[in-house]
Amino acid sequence: MGFRRDFLWGGATAANQCEGGFDEGGRGLANVDVIPTGEDRRAIITGQQKMFSFDNEHFYPAKTAIDMYHHYKEDIALFGEMGFKTYRLSIAWSRIFPKGDEAEPNEEGLQFYENLFKECHKYGIEPLVTITHFDCPMHLVEEYGAWRNRKLIDFYENLCRVIFTRYKGLVKYWLTFNEINMILHAPFLGAGLYFEEGEHAEQVKFQSAHHELVASALATKIAHEVDPNNQVGCMLAAGHYYPYSCKPEDVFKAQQSDRENYFFIDVQARGTYPAYALKELERKGVEIKMEDGDLALLKEHTVDFISFSYYSSRVVSTDPKVNEKTSGNLFASVKNPYLEASEWGWQIDPLGLRITMNSLYDRYQKPLFIVENGLGAVDTPDADGYVADDYRINYLQQHIQAMKDAVDLDGVDLLGYTSWGCIDLVSAGTGEMKKRYGFIYVDRDNEGNGTLKRTKKKSFNWYKQVISSNGEDL
Ligand code: P53
C-alpha cells in the first residue's frame with residue numbers, strides 16, 4: 001500500500017516566473033517578458049490588448065523574477081535538502097533559439113540548462129522538463145503570428161531535436177506544452193496569440209491548437225527516437241466541473257465544460273479528434289486546416305503519461321439566478337457554497353483532486369503525474385524572516401491525503417507529485433510576488449524591491465518529512 005517506491009516527490013517552477021536574466025546569455029525576448037503587472041494584465045494575456053514591447057508606465061516582473069538565473073545552485077541545494085526526487089522546470093525557448101527561427105541554437109543557453117541539470121543530478125534529483133511553459137519568442141509572435149502559423153511546428157521541432165540530443169542521459173521526463181488548454185482561456189499567455197479587429201478568434205485558437213497538437217505528437221516521436229528511455233507527457237489545467245444542481249441541464253453543462261478541456265488530452269492520449277469536438281467545431285464555423293500525415297502522426301505518437309495542474313474544482317449552472325462567480329481565476333466558475341476559498345478566491349477542494357484523478361484515469365488509463373498543486377497566500381515573515389505557514393501545510397496535507405486515497409483506495413497509477421512554486425515566484429495570473437506558494441521565502445515584493453534572500457519557511461521541514469516517509473508522515 002501507499003505510494004510506489006520510486007514515487008517522484010518534488011516541486012515545480014517555470015522559466016518566466018523565476019529565472020529573470022531576460023537579456024542575459026544571448027536570450028531573446030519572449031511574450032512572457034512583455035506582460036506587465038496591474039490592471040491591463042488580464043486584457044493582455046487574453047489577447048484583447050496589445051503589448052509587444054516594454055513601456056515606461058508598467059512593471060514587467062519576468063525581467064528579473066526571483067533571479068534564479070544567478071541563484072540556481074543555491075536553490076537546487078535547498079531542493080536537495082528537502083529530499084526532492086524530481087524538480088520540474090521549463091526551458092526558456094528564447095534562450096536556446098533567441099528569435100525562434102534560427103538554424104543554429106545559442107550555445108550559452110544550452111550550456112545554462114546543462115549546468116542546471118548536472119546540478120540537479122548532484123543531489124539525485126531527476127529533472128522534469130516542460131518544453132514550453134507559456135513562452136514563445138517575440139520574433140515568432142511578430143513575424144509569424146505565433147501558433148496560428150503552421151511554420152511554428154518546424155521551429156518547435158528544431159527546438160525539440162536540439163534539446164533531446166543535447167540533454168540525452170540528463171533528462172528523461174518531458175512535458176510538451178504547459179496547460180495546453182490555456183490557449184482557450186488566455187491565448188496570448190498560453191500561445192502568443194493576439195487577435196486583430198474582426199478576426200474569428202475561435203478559428204484562430206483551434207487552428208493554433210491543431211498546430212500545437214501536431215507539434216506535441218512530433219516531439220513525442222522524436223523523444224522516443226533519440227532515447228527510448230524518454231517519457232513524454234501532456235499537461236492539462238485540470239479541475240473537474242460540478243453541476244450546481246442535479247437538474248439534468250446543469251449536469252449536461254458540466255459534462256460539456258469538462259470536454260472543452262479534455263479535448264486536447266483526448267487527442268494527445270487517445271490519438272484522435274473526438275467526435276463531440278468535431279461536431280462542436282462545425283457548429284462554431286471553425287474549419288481546421290490539416291495536412292496529409294497529421295492525423296496519422298497524432299494517432300501513432302500518443303503520450304506516455306498524463307500530467308496536470310490542480311488547484312480547484314469548478315462549478316457550472318444553467319440557472320441565471322445562480323450567478324455568483326469565484327474571483328481571480330481565468331476559468332470562470334460559479335461559487336461553490338460548500339467550499340472555503342484562498343485569499344485570491346480560489347476555492348479549496350481536496351476531494352476534488354481525488355475526483356479529478358479518477359476522471360482522468362478512467363478516461364485515459366495511463367499513468368498520471370500531478371505536476372502543480374498548492375496554495376497561493378500572503379506570507380508575513382517575523383523579525384528573523386521566518387514564515388510560519390501552517391495554512392499552506394494544511395492545504396498540502398489535505399491534498400496529499402486525497403491523492404493518497406486515489407492511489408490506495410481507487411487504484412490510480414500515480415508517478416509523482418510536484419507542488420507548484422516550491423520556491424516563491426511570480427504569479428502567472430496576476431504577476432504579483434505577494435501571491436506565494438513556496439517552501440522557501442524569497443525577499444522580493446510586487447514592485448521589485450528586496451534582497452532576493454532565500455529563507456526556509458515552516459513548510460520546508462514539513463515537506464522534507466513527507467518525502468522521507470514517502471507520504472506516510474503527513
Ligand atoms: P497563479 C489559472 C488557472 C489554473 C492554472 O497560478 C493557472 C492559471 C493561471 O493563473 O496556471 C498555472 O500564478 C500555471 C502556472 C501558474 C499556476 O497555475 O496565477 O501553470 O504557471 O503560476 C498558479 O497563482
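Note that ligands are numbered from 1 as they come in the structure, with each ligand's atoms numbered from 1 the same way. Just the heavy atoms: all of them, side chains too, but no hydrogens, waters or symmetry mates, feed the values below. Just so it is clear, the structure is predicted and the values come from calculations on it, not from any experiment. The residues of the chain are indexed from 1 along the displayed sequence.
Side-chain contact of Asn16 with His133: a donor-acceptor pair under 3.5 Å is absent, judged by distance alone. Side-chain N/O atoms of Thr130 and Asn178 include no donor and acceptor closer than 3.5 Å. In this model, a donor atom of one side chain and an acceptor atom of the other lie less than 3.5 Å apart for Tyr273 and His210.
By the 3.5 Å distance cut-off applied to N or O atoms, Gly429 is counted among the residues near ligand 1. Looking at Thr430 next to ligand 1, no N or O pair under 3.5 Å apart turns up. Of the polar atoms of Trp346, none of the N or O atoms is found under 3.5 Å from an N or O of ligand 1, judged by distance alone. The shortest N/O to N/O separation between Ser309 and ligand 1 does not fall below 3.5 Å. Backbone and side-chain nitrogen or oxygen atoms of Ala14 are examined, and none is located within less than 3.5 angstrom of a nitrogen or oxygen of ligand 1.
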Trace of the side-chain contact (heavy atoms from CB on, under 4.5 Å) decision for Leu175 with Phe305: CA-CA 9 Å; Leu175 306 179; Phe305 64 93; 3.6 Å; yes
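Contact annotation: the side chain of Tyr241 never approaches that of Ser313 to less than 4.5 Å [non-hydrogen atoms, C-beta and beyond]. Within the 4.5 Å cutoff, the side chain of Leu368 has heavy atoms near those of the Phe308 side chain.
Less than 4.0 angstrom separates some heavy atom of Ala428 from each of these atoms of ligand 1: 1 (P), 13 (O), 16 (C), 19 (O), 21 (O), 22 (O). Residue Asn178 has at least one heavy-atom neighbour below 4.0 Å for each of these atoms of ligand 1: 20 (O). Close approach of ligand 1 to Lys435 is summarised as follows: ligand atoms under 4.0 Å from at least one heavy atom of the residue are 1 (P), 19 (O), 24 (O). Each of the following atoms of ligand 1 lies closer than 4.0 Å to a heavy atom of Glu179: 5 (C), 7 (C), 11 (O), 12 (C), 14 (C), 20 (O). For ligand 1, the atoms closer than 4.0 angstrom to any heavy atom of Glu372 are 12 (C), 14 (C), 15 (C), 17 (C), 18 (O), 20 (O).
Neither the backbone nor the side chain of Ala237 comes within 4.0 Å of ligand 1, counting heavy atoms alone.
When the heavy-atom distances from atom 1 (P) of ligand 1 to Ser427, Ser90, Gly239, Gly431 are ranked, the shortest goes to Ser427.
Not counting sequence neighbours, His71 has no partner by the ring pair (Phe, Tyr, Trp, His ring centres under 6.0 Å) test. For Trp9, the ring pair (Phe, Tyr, Trp, His ring centres under 6.0 Å) test picks out Phe3, Phe7, with sequence neighbours left out.
At least one heavy atom of His133 sits closer than 4.0 Å to an atom of ligand 1. A heavy-atom separation below 4.0 Å is found between Tyr437 and ligand 1.
For Phe155 and Trp93, the distance between ring centers is not under 6.0 angstrom.
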